[in-house]
Amino acid sequence: MTPTPASAAPPADARDGDHRFAIQCEVLRLSIRPLGPVLLVQYLLNCGVAALFAWQFSPVRALVWLALVTGVTVMRGFFAQRLPEPFTPATLRAAQRQHTLRTAIWELAHGLAGVLLFNPERPDLQLLLGLILMGMTLSSAFSVSFYTPATQLAITLLLAPVIVTGLWLGAPVMMAVAVIGIGLTAMMWKLVADHSRQLEENIGLRLNERTLREQALAGLRASEQAQAERLRFFSAANHDLRQPVMAIGLQAEVLRQQLQHGTDSAAVQHTVASLSRAQQALEGLTNQLLEIGRIEAAVDPLRPAAVALAPLLNELARQAGEGRVAVRCPAEAVAWTDAVALRRVLSNLLDNALKFTPRGRVLLAVRARRRPGTDTRRAWRVEVRDSGIGIAAESQTRVFDDFEQVGNVERNLQHGHGLGLAIVRRLAGQLGIEVALRSAPGKGSVFSFELPAARPGAAAVPAPAPSVAMNEPDADAELRPGLAVLVVEDNIVVADSLSALLRHWHVAPRIYASAAEALALADLDALDAALCDIRLPGAFNGIALAERLAQRKPALTIALISADITEATQQLAAARGWHALRKPVQPDALRRVLLRAQQQQQPTPSS
C-alpha cells in the first residue's frame, strides 16, 4: 500500500493570494476578448456622428476624428492583445499595464471629438456633442473593459476633452452640461468599481466551483488508485502468507505420517527443520506487515533529536557479524532526526545489501555535505554500499514497491518477501528524506540519503549499550525439574502449545485464561516465573496483571507476551525489569527467560 504523503496545507494568506491572482487573470482574459459585431456597430455609429458634424460644422475636422477612430478600431479588431501563457504575477502586471494603455488610446481617440467637433458658435451643436459623448460613456463603461483601472481611465479620457472645452469655450448651457459631465464621471467611476467587484465575485464563485469539482475528481481518482494499490498489496500479501502456511501444513502431515510409520530420526529431523524454516518465514512476513501497518497508521510519533551516527553504525555492523560490514564515519557526525526510525531505515538497507551480496563486504559510509544555498548549514550524507549483483536501470524505479524483489525472481523465501525497501520508502517519507539509488548489474548498489546536521553543542542520543554477558544465564544449563511457571493465555491453542513445551522441559505450568482467574486461584508465592499475555479478557490486561504480581512477589521473573510488542512496551518492560516476548515466541527466547528465573531463585553464595 502506498501511503499518501501528508503535505502541509498552504497558509490562508497564500491561498487567498492565489485565488485573487486567478480572478485577476480571468478578468483580463474577459477584457481583451474579441468584440466582433459590437465593434462594427460602434464604428458605423461613429461614422454617422462624423457625417452629422461634417454636414453641420466642418468636414475636415470630422474626417480627422473619423480617421483616429478608424485607426483605433483597426488596432482593436485586427491586432488584439496577446496574453502570456501561463500567467505569472510579473507577466500579469505587464499585461494589465498594456491593456490599460490600449484602452486609454481607444477612448482618447473617441474623446477627442470633444475638441475636434466642438463648435464655439453653435450652442445647439455643443449640447448635441456633449450628449453624444455622455452616451458613449454609458455604453463604454461596461463594454470597453472589465479591469477597473483601465475602465476608469477610459471614462475620464472620453469625457475630459469635452468637459474642458465646454468650460473654456462653451455657451452657458454647455458649461452646465460640462459640470454634469464631471458628476457623471464620478458616478461612473463608482458604478464601474461596483460592477467590477460583482464580476470578480462571480468569477471567484465559478473558480471555486471548478476547483471543488477538480478536487472531487482528483479525490475520486486518488481513492480508486488507493483501492487498486490496496488490492494489489493484499493480493500479494495473501499469496506470500499462504506459501509458508501451505508449507507448514504439508510438512506437518509428512511429520505425522513419518511418526506413524516409524521413519528414521534423520528424516524426522529434516521435516522438523523444514517446519521451522516455514514458521520463520511466516513470522518474518507478519512482522513486516505489522511494521507497515504501524507506519501507515503513524502510531509511533517521531521524536527528532541529535543522533550520533558513528555509534549507531558500529552497533549495526556488530550485530551483522562475520566482519562483513565496514563503517567509515567521522566521529563528529551528529544528525538531527528520529533515532528509532533512522535505525529501522538503516537496518532494512543493510539487511537488503547483505542478502544480495553473496561475496564481498558492505560499507556504511557517512560524509559531510553542504546544504544548497547556504555556506554554514551542514548535512550528513549516509550511504549503504554493497558489491552485490546490482540492479538494472529499468528496474530501479520499482525496487521500493511492495513485494518487489528484482534479484529474487524465483521468490526464495530465504531472501525475504520484498518488503524491506518498501518499509524504507515509508519511513523515509515520515522523516522527510529521499533515498536515492545508484546501481549497475554486476557492480553493486549504493543507497544514499541526507540528514540535516544537529546544531553544534546539541546533546546526542546515547548509542545502544551492548548487552552485559555476565548477567546472562548459561544457555546450555539445564532447567530445574518442577520449576513453577504461571501461564496466563486466553487462546486455547497457544496455551496448549506452551504447556506442551514447558512439560517437555520438565517445567510445571499453571495455565489460566484470565488475569482475574490467575489472581484468584494461583499460588502466587510458589511461582518462579510468569508468562502474561498482554491482551486478556476482563478488566485486567497482561500489564496490569504483571503489576499485581510484581507487588505480591518482587523477585518474580515476569515476561510480557504479545504479537504487538511496541517500543513503549519494551521500554516499560525494561524499566520494570521484565521481559518482552513477541508472538510467535521462539523456544530459545522462552528458555532464556526460564533460566533467568531459575538463576534468580538460586541462593547467592556468600563471599
Side-chain angles (χ1 to χ4, degrees), residues 1-36 38 80-100 103 141-152 190-235 292-293 295-299 301-302 397 400-402 422 425-426 428-434:
M1 292 176 293
T2 302
T4 303
S7 58
D13 291 345
R15 293 197 301 270
D16 292 342
D18 293 342
H19 187 65
R20 178 66 181 167
F21 176 74
I23 291 175
Q24 290 178 342
C25 293
E26 188 64 21
V27 167
L28 189 57
R29 290 191 183 97
L30 291 173
S31 298
I32 68 161
R33 63 183 179 179
L35 298 177
V38 176
Q81 180 181 353
R82 293 185 178 181
L83 297 181
E85 288 294 343
F87 271 115
T88 65
T91 59
L92 174 62
R93 287 192 296 270
Q96 287 172 336
R97 288 192 296 268
Q98 183 183 0
H99 172 68
T100 302
T103 305
F142 305 109
S143 63
V144 68
S145 176
F146 299 107
Y147 179 49
T148 302
T151 306
Q152 290 175 339
K190 178 67 167 56
L191 289 176
V192 164
D194 292 342
H195 179 263
S196 298
R197 183 166 53 251
Q198 183 178 4
L199 175 66
E200 291 180 0
E201 290 176 356
N202 292 336
I203 292 174
L205 291 174
R206 190 169 71 249
L207 291 176
N208 284 337
E209 181 182 354
R210 183 193 307 167
T211 301
L212 291 174
R213 184 167 60 250
E214 291 174 352
Q215 289 176 347
L217 291 174
L220 179 61
R221 288 192 294 267
S223 176
E224 291 174 348
Q225 182 179 359
Q227 290 291 345
E229 286 291 325
R230 290 189 183 95
L231 179 60
R232 193 187 76 84
F233 179 88
F234 286 117
S235 296
I292 287 176
I295 294 171
E296 295 194 345
V299 296
L302 298 181
T397 57
F400 292 96
D401 291 343
D402 300 324
R425 169 173 56 83
R426 288 171 168 85
Q430 284 191 341
L431 292 173
I433 61 177
E434 182 178 355

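Bear in mind that the values here come from a model prediction, so they are computed numbers and not experimental data.
- The CZ atom of R93 sits 8.0 Å away from the OG1 atom of T88 when rounded to the nearest 0.5 Å.
- Relative ring orientation between F21 and F87 is described as perpendicular, the plane-to-plane angle rising above 60° on a 0-90° scale split at 30° and 60°.
- Note: L205 CG to R210 CZ = 12.5 Å, rounded to the nearest 0.5 Å.
- Residues R197 and D194 meet the side-chain proximity criterion, which asks for heavy atoms closer than 4.5 Å.
- Taken from OG1 in T100 to CD in Q152, the straight-line distance is 10.5 Å, to the nearest 0.5 Å.
- With sequence neighbours left out, E200 forms a side chain to side chain contact (heavy atoms under 4.5 Å, CB included) with R20, I23, V27.
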Show, in sequence, the C-alpha distance, side-chain angles and deciding distance for Q24 and L28, and conclude whether the side-chain contact (heavy atoms from CB on, under 4.5 Å) test is met. CA-CA 6 Å; Q24 290 178 342; L28 189 57; over 6 Å; no

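- Here E434 pairs with nothing under the side chain to side chain contact (heavy atoms under 4.5 Å, CB included) rule; sequence neighbours left out.
- The pair E26-R29 meets the salt-bridge criterion, with a side-chain N (NZ, NE, NH1 or NH2) lying under 4.0 Å from an Asp/Glu carboxylate O.
- Formation of a donor-acceptor pair under 3.5 Å by the S196 side chain with backbone atoms of Y147 is not found in this model.
- A distance of 8.5 Å separates CZ in R221 from CD in E214, rounded to the nearest 0.5 Å.
- For the pair S223 (side chain) and G219 (backbone), a donor-acceptor distance under 3.5 Å is absent.
- Judged by distance alone, with hydrogens and angles left aside, the side-chain atoms of S145 form no donor-acceptor pair with the main-chain N or O of S31 at under 3.5 Å.
- Taking CG of L217 as the reference point, atom CG of L212 lies at 11.0 Å (rounded to 0.5 Å).
- To the nearest 0.5 angstrom, N202 atom CG is 8.0 Å from R206 atom CZ.
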Please lay out, stage by stage, how T151 and T103 fare under the test side-chain contact (heavy atoms from CB on, under 4.5 Å). CA-CA 8 Å; T151 306; T103 305; over 6 Å; no

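- Nearest heavy-atom pair, H99 versus A150, reported as atom, atom and distance to 0.1 Å: CD2-CB, 3.9 Å.
- Closest approach of L302 to Q430, counting heavy atoms only: CD1-O, 3.2 Å.
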